[in-house]
Amino acid sequence: MIETEIAIVGGGVAGLGAAIALAGQGFDITVIERRAEVGGIHRGDSLLPKSTELLTRWGLRAEIVAAGARAIHHMEIHAPGGRYVYDSPITSMNAPHPYFVLPHARLEAVLMARAQSLANVRVIRPASVVDVARDADGRVNGIRVRRGDEEEVVCCRLVIAADGQYSVVRKRLGIAFDTHHYDHAYLGLEADRPGGYCDAMRLHFHEEGGTLLMPHPDRIGVGVLVKAGSARHWLTMEEGHLSAELSRRAPILKGIPLYLKGAHVYELTRAHAAHYVEDGVVLIGDAAHCTNPTAGQGMAMALTDAGAIAAALEGHRNLDAQVLDPLLAAFESRQWRRNQRLVRNSHWLANVYSLRGPAWTMLKMVGVMALAKPAMHRLTAPLVARFTH
């Protein structure tokens, strides 16, 4: 048996962020993670200014820069065929909290290294969650975990479930998580940096689906809009054929070597838990919400959840139920509404972006060219700020 104050299920961005923030307040933390190593397939890599602000507050900015984070300040839009159409600022060059791009695995590695360096954080991995444990009154007071052939209980005063979209803890609690599936998906991979590419969010429209390029430390990340259910088609394609397909959609990629290790097709869903708090457990990150990645909100929502639960507990070392429950209820009330708005806005943006075919592509380009007019900049700036801040 392991005794701790707070058990965090899940050692991804949300769980590790919460562990670091809460450890800074003096809590004894145990993180339970099913994977033996951090990282894996390509996932979200956008650290919006609101994320950078939190990472700076936790003293991690130097580490993420050292890990290869690149700042971007503008978005370029290119018409089918590659013609430049529009350039929109995202943040100012001297913004105190830039929009950073860092591969998901590198951010996880930074967070894990910091968590493991803290005297009051214990990381158990690889370990799978079997069930929650309850006291005589039915309140959750621990997590049953399995390591190898052994099973043990991590006893605690609070459980933070950050164990992803398919959260075991959320399922054990019976919290509703109705899921909407999209008709589109994203192919994610890396490529060498083209000669004409500068650090920017670069979007190439195409009638079969747009292609987004983002800077990575040594290469670029490539995200291609594809049909849902097409993973086998894309992931078994001969490399030369795949290169031709990508350069047809984004001409800047012509002749650029691709890196297919870790390439993945993401089948996209949208979901939001009916509530976040139950019986001494609070959900954060993908365990609480799953959003379309078109607006780049995934890591931002995970980190802001972590920051919000730490803020809710700040100054309250007493984790007795009568003290803790009102704090968790206030966290849920604020954070659920904020996240619902982001899930909804990301959904509508994704619906527009995913419209395919010549007519829809032409209509989107007409809209983009209209937004490119100087008089429209005052209208677009608040929209950009809504997603980034």
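Positions are given from 1, in the same order as the sequence printed here.
Classification of the Y84-H78 ring pair by plane angle, with boundaries at 30° and 60°, yields perpendicular. Below 30°, between 30° and 60°, or above 60°: for Y276 and F331 the angle between ring planes is between 30° and 60°, a tilted geometry.
Closest approach of W58 and A306 over heavy atoms only: CH2-CB, 4.1 Å. Smallest separation of non-hydrogen atoms from G10 and V31: O-CG1, 3.9 Å. What you find for S346 and Q297 is that their closest heavy atoms are OG-CG, 3.7 Å. Residues A18 and I309 come closest through the heavy atom pair CB-CG2, 4.4 Å. Scanning both residues, A200 and P215, for their nearest heavy atoms gives O-CD, 3.6 Å. Annotation for G285 and D305: closest pair N-OD2, 2.9 Å, computed over non-hydrogen atoms.
Formation of a donor-acceptor pair under 3.5 Å by the T52 side chain with backbone atoms of P98 is found in this model. Looking only at distances, a side-chain donor or acceptor of R356 sits under 3.5 Å from a matching main-chain atom of S354. For the pair S167 (side chain) and D163 (backbone), a donor-acceptor distance under 3.5 Å is absent. The backbone N or O of S333 lies less than 3.5 Å from a partner atom in the side chain of R337, making a donor-acceptor pair. In this structure a side-chain-to-backbone donor-acceptor pair under 3.5 Å is present from E5 to D28. Panel note: side chain R270, backbone V343; no donor-acceptor pair is recorded below 3.5 Å. Here the side chain of D135 pairs a donor or acceptor atom with the backbone of D137 at under 3.5 angstrom. No side-chain donor-acceptor contact under 3.5 Å links Q25 to the backbone of F27. Remark: the backbone N or O of F205 is not paired with any side-chain donor or acceptor of K364 at under 3.5 angstrom. Counting only distance, with no hydrogens or angles, the side chain of R114 and the backbone of G17 share no donor-acceptor pair below 3.5 Å.
A donor and an acceptor atom, one from each side chain of N292 and N351, are nowhere located under 3.5 Å apart. With no hydrogens or angles considered, no side-chain donor-acceptor pair links E332 and H275 at under 3.5 Å. Side chains of D192 and Y259: a donor-acceptor N/O pair is present below 3.5 angstrom, by distance only. With hydrogens and angles left out, the side-chain atoms of T269 and H181 include no donor and acceptor closer than 3.5 Å.
A salt bridge links D199 to R193: at least one charged side-chain nitrogen sits closer than 4.0 Å to a carboxylate oxygen. Looking at K50 and E53, no side-chain N of the basic residue comes within less than 4.0 Å of a carboxylate O on the acidic one, giving no salt bridge. A salt bridge between R144 and D131 is absent, with no side-chain N of the basic residue lying under 4.0 Å from a carboxylate O of the acidic one.
From I124, atom CD1 reaches atom CD1 of I32 across 5.5 Å, with rounding to the nearest 0.5 Å. Taking CZ from R157 and OG1 from T4, the interatomic distance works out to 11.5 Å, rounded to the nearest 0.5 Å. Here CD of E208 is found 8.5 Å from NZ of K227. Values are rounded to the nearest 0.5 Å. Going from atom CD1 of I64 over to atom CG of L55 covers 5.0 Å, rounded to the nearest 0.5 Å. Here the NE2-CG distance, from H204 to L225, works out to 15.0 Å after rounding to the nearest 0.5 Å. Note: N345 CG to T291 OG1 = 9.0 Å, rounded to the nearest 0.5 Å.
Applying side chain to side chain donor-acceptor pair (under 3.5 Å) to D45 and the options R106, R70, H104, H216 leaves one that passes, H216. Each of L47, I284, L16 was checked for a side-chain contact (heavy atoms from CB on, under 4.5 Å) with L303, and the lone residue meeting it is L47.
A 6.0 Å sphere centred on CG of D178 holds no more than 12 heavy atoms belonging to other residues, nucleotides or ligands. Crowding of Q322 atom CD: a count of heavy atoms from other residues, nucleotides or ligands under 6.0 Å exceeding 12. The environment of R139 atom CZ is dense: over 12 non-hydrogen atoms of other residues, nucleotides or ligands sit within 6.0 angstrom. Within a 6.0 Å radius of CD in E3, other residues, nucleotides and ligands contribute 12 heavy atoms or fewer.
At a threshold of 4.5 Å between non-hydrogen side-chain atoms, the residues T211 and H206 do not count as touching. Between M365 and R83 there is no side-chain heavy-atom pair separated by less than 4.5 Å. Side-chain contact between L268 and P293 is present, with heavy atoms from C-beta onward closer than 4.5 Å. A 4.5 Å side-chain heavy-atom check between I220 and R202 finds every atom pair outside the cut-off. The closest side-chain heavy-atom distance from V121 to Q116 is not below 4.5 Å. Residues I8 and T30 fail the side-chain proximity criterion, which asks for heavy atoms closer than 4.5 Å. You'll find the side chain of I175 reaches within 4.5 Å of the side chain of L283, heavy atoms only. In this structure, the side chains of R61 and H97 come closer than 4.5 Å at one or more pairs of heavy atoms.
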Practice prompt. Given side chain to side chain contact (heavy atoms under 4.5 Å, CB included), test L158 with L328 step by step and report yes or no.
Written response: CA-CA 10 Å; L158 170 66; L328 296 182; 4.0 Å; yes
Item to complete: Tell me, with the steps shown, if F177 and C290 meet side chain to side chain contact (heavy atoms under 4.5 Å, CB included).
Response: CA-CA 9 Å; F177 195 69; C290 182; 4.2 Å; yes
Practice prompt. Give the intermediate values and the outcome of side chain to side chain contact (heavy atoms under 4.5 Å, CB included) for residues L313 and L324.
Written response: CA-CA 8 Å; L313 299 182; L324 182 60; 3.7 Å; yes
Worksheet item: So M201 and S88, side chain to side chain contact (heavy atoms under 4.5 Å, CB included) or not? Walk me through it.
Response: CA-CA 10 Å; M201 181 189 297; S88 172; over 6 Å; no
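Both L260 and L246 belong to a common hydrophobic cluster when Ile, Leu, Val, Met, Phe, Trp and Tyr are linked at side-chain heavy-atom distances under 4.5 angstrom. Residues Y166 and V169 do not share a hydrophobic cluster, defined by chaining ILVMFWY side chains whose heavy atoms lie under 4.5 Å apart. Grouping the Ile, Leu, Val, Met, Phe, Trp and Tyr side chains by contacts below 4.5 angstrom, directly or via other members, places I160 with V323. Residues Y86 and L212 share a single hydrophobic cluster, defined by chaining ILVMFWY side chains whose heavy atoms lie under 4.5 Å apart. A continuous path of hydrophobic side-chain contacts links V13 to V65 [ILVMFWY only; heavy atoms under 4.5 Å].
For W336 and H289, the ring centers are positioned 6.0 Å apart or more.
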